[in-house]
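These numbers come from the heavy atoms of this one structure, side chains and all, not from hydrogens, waters or symmetry mates.
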Amino acid sequence: MKITPQTLYQILNSRFGSLDWWPMDKEYHTKKGSDQRFEVIVGAILTQNTAWSNVEKAIFSLKSQKVLDIDSISKVGIKKLQKLIKSSGFFNQKAERLKNLTLYFKQNYQGDLDHFFEKDINAIRTELLSLNGIGPETADSIILYAGNLPIFVVDAYTKRICERLPMDTKISYEEIQSYFEKELEKSYSKDELVKIYNNLHAMIVILGKNYCKKSPKCKGCPLNKYCNYYKNSNQ
DNA sequence: GTCCAGGGCCGTT
DNA sequence: AACGGCCATGGA
């Protein structure tokens with residue numbers, strides 16, 4: 001029996017509930033739109049192939065030195081920026097990526113991110129992908145979690161979980177993404193989709209961290225009765 | 001000490 | 001188009 005994205009959503013949702021994701025502190029919610037968006041964007045860059053706990057330290061450092069906004073990052077020295085984000089790893093390239101991106105927003109949108117997200121999704125995505133250091137997952141995370149626009153984020157967890165489950169998914173990023181979106185659009189209205197994509201990706205990350213690890217911990221996984229890998233491994 | 005994490009780029013086949 | 005090496009820290 002195949003598993004559809006809709007079924008996957010329902011199984012995970014009945015276990016994990018609604019997560020309304022992007023891990024941030026309380027103070028974050030008091031910020032105005034553009035600064036909130038920017039904080040998510042910085043997190044999306046810093047978390048590339050990196051544990052979130054290491055990203056949190058970096059964001060805290062940036063915040064404590066008051067360089068967590070477009071203007072400050074564009075002005076701060078590259079060496080200081082590298083030092084502040086050191087804990088997030090790959091700090092040389094990530095510092096450069098933040099500088100580039102910030103400069104881009106400043107030059108093209110006067111630092112107004114609300115304006116940046118007013119275009120249609122494809123235009124935003126193409127623009128993000130043209131920037132150095134922003135690939136598909138980072139672009140889509142930014143669109144979904146900073147832009148609050150409907151796009152499904154595919155990551156290493158999503159690919160791994162899809163491979164282990166009996167699903168009709170191909171291997172490439174765009175194929176998995178369009179399959180999930182096509183299916184979920186059948187079951188949910190346009191207004192609901194942002195929430196659904198937000199929550200589904202969040203739940204997939206939780207599942208990937210706690211159960212469907214590279215070396216899997218199948219005990220207690222809500223997908224056990226559907227999973228090829230679980231059956232084959234006979235745990 | 002070894003493995004791994006919410007990728008992406010670049011050079012080689 | 002697909003693959004491998006590389007980037008780097010901190011926690012398990």
Once you round it to whole Å, what is the distance between P of dG10(C) and CD1 of I85(A)?
12 Å
Using a heavy-atom cut-off of under 4.0 Å over every strand shown, decide if D155(A) touches base, sugar-phosphate, or nothing.
sugar-phosphate
Phosphate oxygens OP1/OP2 of dA5(B): is one of them under 4.0 Å from a side-chain N or O of R160(A)?
yes
Rounded to whole Å, how long is the line connecting atom NZ of K159(A) with atom P of dC3(C)?
11 Å
Please work out if Q93(A) contacts a base, only the sugar-phosphate, or nothing of the nucleic acid, heavy-atom cut-off 4.0 Å.
base
With a cut-off of less than 4.0 Å, is there a side-chain N or O of K214(A) near OP1 or OP2 of dA5(B)?
yes
Single hit among L46(A), I78(A), I41(A), V76(A) for side-chain contact (heavy atoms from CB on, under 4.5 Å) with L98(A)
L46(A)
Could you give the CD1-to-C1' distance, from I45(A) to dA8(C), as a whole number of Å?
17 Å
Just to be sure I understand the rule, does K94(A) reach a base, reach only the sugar-phosphate, or reach nothing, if contact means heavy atoms closer than 4.0 Å?
nothing
In whole angstrom, what separates Y173(A)'s OH from dA2(C)'s C1'?
19 Å
Output the rounded distance in Å from CD (Q177(A)) to P (dG7(B)).
15 Å
Taking the side chain as every heavy atom from C-beta outward, state whether P216(A) and Y211(A) have any pair of such atoms under 4.5 Å apart.
no
Could you tell me if K2(A) and T7(A) have a donor-acceptor pair between their side chains, going purely by distance under 3.5 Å?
no
Answer with base, sugar-phosphate or nothing: what part of the nucleic acid does F90(A) contact at a heavy-atom distance below 4.0 Å?
base
Nearest whole Å is fine: how far is dA8(C) C1' from K83(A) NZ?
18 Å
Between E181(A) and Y197(A): side-chain donor-acceptor atoms closer than 3.5 Å:
no
Which value, in whole Å, describes the distance between the P atoms of nucleotides dC10(B) and dA8(C)?
14 Å
Heavy-atom side-chain contact between K159(A) and D155(A) under 4.5 Å
no
Counting only side-chain N and O atoms of T138(A), is one of them less than 4.0 Å from OP1 or OP2 of dG8(B)?
yes
Are S189(A) and E192(A) close enough that a side-chain donor and a side-chain acceptor fall under 3.5 Å?
yes
Indicate whether OP1 or OP2 belonging to dC3(B) is found under 4.0 Å from a side-chain N or O atom of K213(A).
no
Parallel, tilted or perpendicular: which fits the ring planes of Y145(A) and H201(A), with parallel below 30° and perpendicular above 60°?
tilted
Which part of the nucleic acid, if any, lies within contact of K209(A), taking any heavy atom under 4.0 Å across all strands shown: a base, the sugar-phosphate backbone alone, or nothing?
base
Give the rounded distance in Å between these two atoms: CG of N54(A) and P of dG7(B).
13 Å
Along DNA chain C (nearest heavy atom to each residue), the more 5'-positioned of S53(A) and T50(A)
T50(A)
For I204(A) against F152(A), the heavy-atom pair lying closest together
CD1-CZ, 4.1 Å
Assign S88(A) to base, sugar-phosphate, or nothing according to its heavy-atom contacts below 4.0 angstrom with the strands shown.
nothing
Rounded interatomic separation in angstrom, taking CZ from F91(A) and P from dT9(C)
5 Å
Between protein and nucleic acid, restricted to nucleotides 9-13 of chain B and to nitrogen or oxygen atoms under 3.5 Å apart, what atom pairs and distances do you find?
residue, atom, partner, partner atom, Å
dC9(B), OP1, G133(A), N, 2.9

Using only side-chain N and O atoms of N49(A), determine if any of them is under 4.0 Å from OP1 or OP2 of dC7(C).
no
